[in-house]
Amino acid sequence: MSLLVRNGLLLLGVVALTVLSLGLPSWISGGEAAFEGADRRAAGLAQELHPDYKPLAKPIWEPPSGEVESLIFSLQASAGVGFIAYFIGHRKALANLRKQES
């Protein structure tokens, strides 16, 4: 299998996974799915079950808008992926160096 065909199949797989991950929740729920975090869902469920519920602690700082909150979450995810990619690359480079030395 040539490199072009392999890359094309990989690209097709990525597109298919993206479409499935974005469309499947909406398709399963009949178009009523919304992207929201688990914290917001838990707070809504707590308010629904116990209307007098008061949180024990409040956050030190709340982002001024949902977009800023999403930006901070994205930066956090990007930093985590960067750290994992660096760790994997570092381990692979060490393994290659050891292989060359022996």
Side-chain angles (χ1 to χ4, degrees):
M1 187 180 302
S2 73
L3 184 63
L4 185 65
V5 172
R6 265 192 284 175
N7 285 341
L9 288 174
L10 283 174
L11 182 63
L12 187 65
V14 168
V15 170
L17 284 175
T18 303
V19 169
L20 279 176
S21 65
L22 292 175
L24 196 59
S26 177
W27 180 67
I28 289 174
S29 68
E32 296 178 7
F35 290 101
E36 61 182 347
D39 293 344
R40 195 166 295 167
R41 284 182 144 189
L45 185 61
Q47 287 292 332
E48 182 181 320
L49 294 175
H50 299 283
D52 299 333
Y53 169 76
K54 292 182 182 176
L56 295 175
K58 292 183 178 182
I60 297 172
W61 177 76
E62 288 193 31
S65 67
E67 289 83 11
V68 174
E69 186 177 354
S70 296
L71 172 70
I72 292 171
F73 183 76
S74 300
L75 287 174
Q76 180 184 2
S78 300
V81 168
F83 176 76
I84 291 170
Y86 174 79
F87 180 76
I88 291 172
H90 182 72
R91 298 292 296 181
K92 185 168 177 69
L94 281 178
N96 286 342
L97 188 62
R98 286 185 186 136
K99 189 184 286 183
Q100 287 177 355
E101 288 178 352
S102 59

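Small disclaimer: the values here were computed from a predicted structure and weren't measured.
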A.B. asks: Working to the nearest 0.5 Å, report the span between NZ of K92 and NZ of K99.
C.D. replies: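 Rounded to the nearest 0.5 Å, the NZ-NZ separation comes to 7.5 Å.
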
A.B. asks: If I take atom CG from residue N96 and atom CZ from residue R91, how far apart are they, to the nearest 0.5 angstrom?
C.D. replies: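 It is 12.0 Å, given to the nearest 0.5 Å.
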
A.B. asks: Taking all non-hydrogen atoms of both residues, which atom of Y53 and which atom of P55 are closest, and how far apart?
C.D. replies: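 So the two residues come closest at OH-CA, 3.8 Å.
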
A.B. asks: Roughly how far apart are H90 NE2 and I88 CD1, rounded to 0.5 Å?
C.D. replies: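 Atom-to-atom, H90:NE2 and I88:CD1 are 12.5 Å apart.
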
A.B. asks: Rounded to the nearest 0.5 Å, what's the gap from CG on L12 to CG on N7? Could you check?
C.D. replies: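 With rounding to 0.5 Å, CG (L12) is 12.5 Å from CG (N7).
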
A.B. asks: For D39, I'd like to know if atom CG has over 12 heavy atoms of other residues, nucleotides or ligands within 6.0 Å.
C.D. replies: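 At most 12 heavy atoms, drawn from other residues, nucleotides or ligands, come within 6.0 Å of this atom.
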
